[in-house]
Amino acid sequence: MLDGLSRREVELRFGAAEGRATLLSRLADGSSVTLDADAVGAGLQSRIDQVEDAGADVVVLLCTGAFPGLRPRRARLPAPMSRRARTP
């Protein structure tokens with residue numbers, strides 16, 4: 001979702017707001033940026049809508065954050081494995 005965006009664009013669209021839940025992400029240049037979790041969730045929902053419109057049947061998120069409010073219209077969105085489930 002952040003691919004192709006400059007740091008400034010990322011901060012304008014998804015930058016952290018005081019008093020709100022945040023996420024930490026690493027940009028392509030290796031630097032980190034703090035993001036507003038709700039803004040990221042809204043951006044992810046928009047991206048899910050886009051890929052569904054393009055014909056995607058499955059959407060896979062590779063992220064350590066939790067986004068319980070995401071709702072695909074028809075594509076399958078596999079639930080991530082919990083950390084507890086991966087621990088031997």
Side-chain angles (χ1 to χ4, degrees):
M1 185 175 78
L2 303 180
D3 291 348
L5 299 179
S6 69
R7 170 178 278 285
R8 180 157 168 67
E9 291 171 314
V10 169
E11 290 174 341
L12 286 172
R13 292 183 193 183
F14 307 107
E18 189 172 331
R20 296 176 56 97
T22 60
L23 299 168
L24 184 65
S25 188
R26 187 154 319 270
L27 299 177
D29 67 3
S31 65
S32 61
V33 63
T34 303
L35 308 172
D36 180 288
D38 289 335
V40 171
L44 287 172
Q45 184 63 60
S46 178
R47 184 66 64 159
I48 289 169
D49 294 345
Q50 289 172 357
V51 299
E52 281 189 309
D53 290 344
D57 295 320
V58 178
V59 177
V60 178
L61 297 179
L62 302 176
C63 181
T64 59
F67 300 96
L70 298 178
R71 301 284 182 253
R73 293 183 307 263
R74 67 180 182 288
R76 186 168 169 255
L77 180 63
M81 288 178 47
S82 72
R83 290 175 191 220
R84 180 174 294 145
R86 290 183 284 177
T87 304

Excluding sequence neighbours, so at least two apart, what forms side chain to side chain donor-acceptor pair (under 3.5 Å) with [X]?
X: Arg47; answer: none
X: Asp53; answer: Arg73
X: Glu52; answer: none
X: Ser6; answer: Glu9

Subject >> Within-4.5 Å side-chain heavy-atom neighbours: Pro72 and Val59 >> reply: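 With C-beta onward as the side chain, the pair stays apart.
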Original post:
So, do Phe14 and Leu23 sit near enough that their side-chain heavy atoms are less than 4.5 Å apart?
Top reply: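 Answer no - side chains too far apart.
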Original post:
Transitive ILVMFWY cluster of Val60 at side-chain heavy atoms under 4.5 Å: who else is in it?
Top reply: Val58, Leu62
Going by side-chain contact (heavy atoms from CB on, under 4.5 Å), name the residues that satisfy it together with [X], two or more places apart in sequence or in a different chain.
X: Leu27; value: Leu2, Arg7, Val10, Asp29, Ser31, Val33
X: Ala17; value: Arg20, Asp36
X: Arg26; value: Ser32

Original post:
Mind checking whether Leu77 and Val51 sit in one hydrophobic cluster, side chains of I, L, V, M, F, W, Y counted as touching below 4.5 Å?
Top reply: yes
**OP:** For Arg8 and Leu5, indicate whether the former's side chain and the latter's backbone hold a donor-acceptor pair under 3.5 Å.
**Re:** no
**OP:** Hey, could you give me the CD1/CG distance between Ile48 and Leu70, rounded to the nearest 0.5 Å?
**Re:** 4.5 Å
**OP:** State, to 0.1 Å, how close Ala56 and Ala75 come at their nearest heavy-atom pair, and which atoms those are.
**Re:** O-CB, 3.7 Å
